[in-house]
Structure formats: C-alpha cells, structure tokens
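Since this is a predicted model, take the numbers as computed values, not measurements. Heavy-atom basis, side chains included; hydrogens, waters and symmetry copies ignored. Chain A is the first sequence line, chain B the second, and so forth, proteins listed ahead of strands; every chain is numbered from 1.
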2 protein chains.
Amino acid sequence: MANIKEIARIAGVSVTTVSRVLNNHPYVSESKRATVLQTIEQLHYARNMNAVHLSTGRTGTVAVILPYINLFYFSVVMDGLAHEALLAQYRLILCQSNYAPDEELKVLEMLRNKEIDGVVVVSTALLPEVIEEYMEYGPVVTCQDNGERRFSSVYIEHYAAFRHGLEYLKDKGYRKIGYCEGRQNGSSASIRQTAFQAFLAEHQLPFRQEWMVFDCMTEESGAAVARSLLPMEERPEVFMVTGDHVAAGLIIEARKHGLRIPEDIAVLGFDNQPIGRLLEISTIDNHLYDMGAAAFRIIHEQIRTGNRQPVYRKLDYEIIERGTV
Amino acid sequence: MANIKEIARIAGVSVTTVSRVLNNHPYVSESKRATVLQTIEQLHYARNMNAVHLSTGRTGTVAVILPYINLFYFSVVMDGLAHEALLAQYRLILCQSNYAPDEELKVLEMLRNKEIDGVVVVSTALLPEVIEEYMEYGPVVTCQDNGERRFSSVYIEHYAAFRHGLEYLKDKGYRKIGYCEGRQNGSSASIRQTAFQAFLAEHQLPFRQEWMVFDCMTEESGAAVARSLLPMEERPEVFMVTGDHVAAGLIIEARKHGLRIPEDIAVLGFDNQPIGRLLEISTIDNHLYDMGAAAFRIIHEQIRTGNRQPVYRKLDYEIIERGTV
DNA sequence: GCTTGCTATGGAACGCATTTCATACGCTAC
DNA sequence: GTAGCGTATGAAATGCGTTCCATAGCAAGC
C-alpha cells in the first residue's frame, strides 16, 4: 500500500509538500499541488489515520458512557450527541456499560492512552472523585448534577424540576403523592428523592412506604406498579413517574383493571416521550436531546481550545399539561 | 509523558522486554517483569494506543452505520452489537447517518484509512455495489438482505416473514388488508412491498391505494393513519404495521375515535417492542437484539481470522399472538 | 543597494510501540 | 561430547504522517 513517501517520490516532491497538499496548507504552488493530487489518485493512496493520530496526538473521537442504549432516555441523549458530533466531524465511541464500573473505567483509561480526545458521561456508577482523577488527560463532561467539580456538566435541575412538579400537584389539590423512580442510587435519582422527602415534610403531606417504588425502568415495571395498587389499603392519589414509558405502563395497566385516570389515580410523567404524547400523559419535559447536544458542544469546545475550566450548564424544564393529572 | 523507551532506560532493560511485559508475552524472567511493572507504576506510564494501532495495523474498533439511534428498532440492534462488542473487548463507533450517503461513505473511508477494523451497516442509503468496493479494505456486515454479495449479512427473512403474517391474517378470515411501511425505498421495505403485492395478487385480495401508507416511523404517524381511516369510504379490516410503536399510535388513536380493536380495525405489528406487549399487540418478533449480536460476532470472527468469505445468516421470526388481530 | 518579508520547498526530527532477527546460555538427548 | 531445543534478551527495522527549522528566490520599501 502506498504511503506518503511513495507519493512524494513519484510526484517528485518532498513528503512535506505532500503533507501540505493533504492538509490544505498554503505555500504549495498550483503545479505541484496538481501533480501530487494526480499521483494520489493514480496510486489510490489512502492516508493511514493511525499515523496521523500518533503524530498529532489527536483522534477526533469522543467516547460516550451510558448504561443502556435501548432505553429511550439514553437514546435521545445519544441522538443529540451524535447530531452535534456529525456537524463537528467528530466520531463517537459508544460504551454501553450496564453500569459496570470496570467497563466505565476502561473508557477513562482510553483517555489516558490517547485513544480518544474526551469523554461524555451520560450516566455512570463511578464516583465523581474517580472521574476527576482523569481530568489531567483530557476533558470530561457529565450529564449529571455533581455540583462544583473539576469536570464540566450539563444537567437538569432535578431538584427544582421535581419540586416544581410536586407544587403543581399540590396546587391541583393532590395530597397523597406516590413516586416511581428508576435507579435507587443514581445521582439524579438521589436528588429527586431528597426533593420528594423535603417537600412532603415541608407541607406535612401523608406518606406511605408502598407509595414509593424503585427500579422502575420499563413499561412492565410501570404495569407492576398499577397492579400493586389494587390490593392497597390506602392508595396515593397521584404518582410522579420518572419516564413516560413507565408512566404509560402504569396507565394502561391501571385502565385494564378499571381504574380511571386521573380520577382514581393520576400520573405525572417525565421526559416527554412520544408515547406520552400519544397517551396524553402530563409530563415534565427535561430536554434530553438538548442535553446531549450541549454536552457535545462543550466537550468539543474544550478539546479545540485546550481550556479545562469546567463549565456547569443548567438546562431548564417545563411541565407539559395533558390529561393524566 | 513517559514512553516505553523511558521505561526501558529506567528499568535497565530493552524496549523489547518492556513491550513483552506490556503484552504478556512469554520469555521474560520474573525479576525483570517485576522491575518493569514497578517502573511503569512509578512513572504512571500509559501506553499510547495510537502508536499501537499504527504499529499493529489494528484498532480494535468497529463502526456502525444506522440512520437514527433513537428509533427503537435501531437502538435494540445497537444493544445487541454493544453487548457483544463489550464481551470481545471491542469498541464501537456510532455513525448516525440520517441516511446521508456522504456521511455513510465517510465511514467506509475510515475502513480504507485503517481507522477501524470493520463496518456494520444496520441500515443504509448506499447501494450494495458501493459497499462491495470497500471489501478489500476490511470486513463489512450488513443487517439487510442483499442477496449474494461480497460482504456478509445477517437478515430477517422479510419476504417469508411478511408472507407468513399475511397468511396468518388470511387464515383468520381477513381479506381487506392494509399496510403501513417505514421507508418507501428501504431494502427491507422493498422486499416487504413485493411480498405484499405478490400475496394480494395470488389470492385475489382486494386492494386500494389508500390502504398502503409509507413513511410511518413514529407513534404520531400511526395515529395519523388511524385518523385517515375515519373519512375512508371503504376501510381495510386489518393493518400490517412495521413497528409496534407505530401500531401503538394507530391503536390508541383509533380507540380515541371509537373504533374497536380488532373488530373495527385489526392490527398486526412488527418488532415485538415493550409497548406492544403492554397494549397486547399481536406482532411479528424478528429478533432484533440477536441480529445485532450476530452481526458483531460475524465481523469479529472475520477480523480475527482475516477470512473474507461472506457469510449470509438468516434469522428466523415468529408471530406472537396477542389481542389485536 | 540593502533590508524586510512573503512564497515555496525540503531535510530531518518526532510521536511510540511491535516484531523480526540475532545472540547467548543452559539443559537434555543420543 | 555435541547436536538440538527452549528460555531470555536486545538491536534495529518497521508502520507513517506532521511539523519545526533552514534555505532560497523574489518583490516591495527606504
């Protein structure tokens, strides 16, 4: 396979000149440029990008850590990331970690090994302290609210958003409020739990352990929540559900069992997914696509400029009133 | 930053020995191995993977071409790919192409540029002939049925699956059959159209242009189909819908307008998505996760062995009977 | 006439790890 | 006793493009 040296030899120029042509540098005469391009054409020359990466110390690639690509939440964030990456001519490496810390660490090691230029952490099992250690090797942006860290983050104001939702429910007259959460110990999940408990205490609202359900990641788990309502001595009046697909499961299963929405059980969803629109689920839109897009733009900027000053970008949210509350 | 040469100098051995330690080669005495490892530790040495890639001509990375990551269909295939890639310690580059041919070509060029070891094409706007031209640079696996090509493919027997579905409907007594398709000109879509038209002709079933709808990719487009039924002079008795989320849109919107499922309009979905299970949509499960997993295993095998003999792996499908037909 | 500065071009160093080949020691087998 | 093999180790070649630095011609400015 031809290399740059061969091109130079045949075109009768130096490798420097060939490199300049390849990279559109100035100071190459039109005649030589033409000869070089022609030689490249003739020999079907293809640049060995590994040599370029070695030489430049850059790869034009960013890795993305997330647990499950087929959960709507993550695929939408990924969509935002991928769209911006395409615009910036960057490549994205997907690490679907299943929250396995060692796999997530491997990705950070790739940063250290110069295999990638940066890392976007959409959701992780790693502690912020661990991530911080890798900041010296390249920029990292997380999509979680980690407070003031050495790495950047783009995040929804989960505390405020959740409170806002609770206030909205309270204003509507609801007092018995239930809560379906994804992971019990996730960073955003913890924030929401705190918000939930604080709000209940503040307003002296009733609470029962069975109104709070964890590990609700799928439609099926939403359906299970609906079924759990049936034998319940005292039911909540409304559920806040993190994820419209989970809310959809809850609603459809509840209706199957003759419960009316919102009269018997009201539901406020999260994420504003297409299924929520279809079922007219009231929801909190937290702009997931924008989160991905913003995360990429920040990391791209930091790679480009070499600036490591962390950026904390707070995204807003909005309640979309539909029919389930 | 320390490199292998520095490690060698300080540890008092040759770079060869350091390399051997790094790669777990035999023929290194325990004492030297220990010294080297200790030096690596001390200097916080990190291997420059770009040099490794240049030197070995391999990158341990496979690129994936697909149009939209946030469509369930693709995110599930990606899940299968990602899972296997993790097991094989391979990295996946995601190219979300939006079916832009030039972006898809760029990925094939990456193969030529040795930036990646192989390409998995989940769905593409490119012609098979174009893909074939890149086979000399590395293995390519597509997830479409392209017939006998120089590249491998993992595919659902769309023709058979679709016919099977049609037969199932006919056996149930349906004669007026409608059809909602994603892309009009997709490779799988074309096969299904052919199957559809052949079946109708064969059994002299009635057909109307308005019973065939294209560009149904989302829940909303399914809902639009439901609305289009209302003013229709003569309605189909059943719709085959490629994608359970589209079927879900159709069903939910139809019910909103008082249509009973399946009495007024029956629906047979595709892809066996979680939402289909929840709504008890009868569907054709075409094992998308397995498709991704199989695609990765094939390309990994071909990278490993250097074997370029194309493999055509046909996946089976099954009708899942639930309540909408 | 001489200094400055821009255009054009090439030599050589640099980024870094892998791998082939050569060498050498020690032990077993015949 | 020596041929042969396995273990251990290093020198040097290899993969390939980028970029700093040096050189030189030529034109504009004083």
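Between A:Arg112 and A:Glu136 there is no salt bridge, since none of the side-chain N atoms of the basic residue sits less than 4.0 Å from a carboxylate O of the acidic one.
Atoms CZ (B:Arg9) and C1' (C:dA17) sit 17 Å apart, rounded to a whole Å. Between the C1' atom of C:dA17 and the CD1 atom of B:Ile4 lies a distance of 5 Å, rounded to the nearest Å. Atom-to-atom, CD1 of A:Ile40 to C1' of D:dG17 comes out at 12 Å; the value is rounded to the nearest Å. Between B:Asn113 atom CG and D:dT18 atom C1' the separation is 16 Å, expressed in whole Å. Atom CG of A:Asn50 and atom C1' of D:dG15 are 10 Å apart (whole Å). Regarding B:Met49, its CE atom lies at a distance of 12 Å from the C1' atom of C:dT18, rounded to whole Å. Here the C1' atom of nucleotide C:dG15 and the CD1 atom of B:Ile7 are 16 Å apart, to the nearest Å. Atom CD of B:Glu6 and atom P of C:dC14 are 14 Å apart (whole Å).
Taking only side-chain atoms of B:Val52, from C-beta outward, the nucleotide of C:dA12, C:dT18, C:dG10 with the closest atom is C:dT18. Checked against C:dG10, D:dT9, D:dT19, the side chain of A:Val13 finds its nearest nucleotide in C:dG10. When distances run from any side-chain atom of A:Asn3 to the nucleotides D:dC16, C:dT18, D:dG10, the shortest one goes to D:dC16. In the set C:dG10, D:dG10, C:dT9, the nucleotide with an atom closest to the side chain of A:Val28 is C:dT9.
In this structure, B:Ala51 and A:Leu22 both approach DNA chain D, and ranking their closest nucleotides by distance from the 5' end singles out B:Ala51. Nearer the 5' end of DNA chain C, as judged by each residue's closest nucleotide, is the contact made by B:Leu54, out of B:Asn23 and B:Leu54.
Of the N and O atoms on the side chains of A:Asn307 and A:Glu301, not one donor lies less than 3.5 Å from an acceptor on the other residue. Using modelled atom types, one finds a donor on one side chain and an acceptor on the other under 3.5 Å when comparing A:Tyr134 with A:Glu109. Side chains of B:Ser152 and B:Gln302: a donor-acceptor N/O pair is present below 3.5 angstrom, by distance only.
The aromatic rings of A:Tyr68 and A:Tyr99 lie perpendicular to each other, with more than 60° between the two planes, well past the 30° mark.
The base of C:dG11 is paired with the side chain of A:Thr16 by a donor and an acceptor separated by under 3.5 Å. One donor-acceptor pair, N or O on each side, does fall under 3.5 Å between the base of D:dG10 and the side chain of B:Arg20.
One finds a side-chain N or O of A:Tyr27 lying less than 4.0 angstrom from the OP1 or OP2 phosphate oxygen of C:dT7. Taking only side-chain nitrogens and oxygens, B:Lys5 never comes nearer than 4.0 Å to OP1 or OP2 of D:dA11. For the OP1/OP2 pair of C:dG10 and a distance below 4.0 Å, the side-chain nitrogens and oxygens of A:Ser14 include at least one atom meeting the criterion. Contact check, B:Thr56 against C:dT19: no side-chain N or O comes under 4.0 Å of OP1 or OP2. Distances shown here put a side-chain N or O of B:Thr17 below 4.0 Å from the OP1 or OP2 atom of D:dG10. For D:dG15, the OP1/OP2 oxygens have no side-chain nitrogen or oxygen of B:Lys114 closer than 4.0 Å. The side chain of A:Arg47 places an N or O atom within less than 4.0 Å of a non-bridging phosphate oxygen (OP1 or OP2) of D:dT18. Within the 4.0 Å cut-off from OP1 or OP2 of C:dA8, not a single side-chain nitrogen or oxygen of A:Ser29 is found.
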Kindly indicate, with the supporting measurements, whether the criterion side-chain hydrogen bond (donor to acceptor under 3.5 Å, both in side chains) is fulfilled by A:Asn146 and A:Ser153. CA-CA 8 Å; A:Asn146 296 110; A:Ser153 44; 5.3 Å; no

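Counting non-hydrogen atoms under 4.0 angstrom, A:Ser19 reaches a base of the nucleic acid. At the heavy-atom level, A:Val18 lies nowhere under 4.0 Å from the strands shown.
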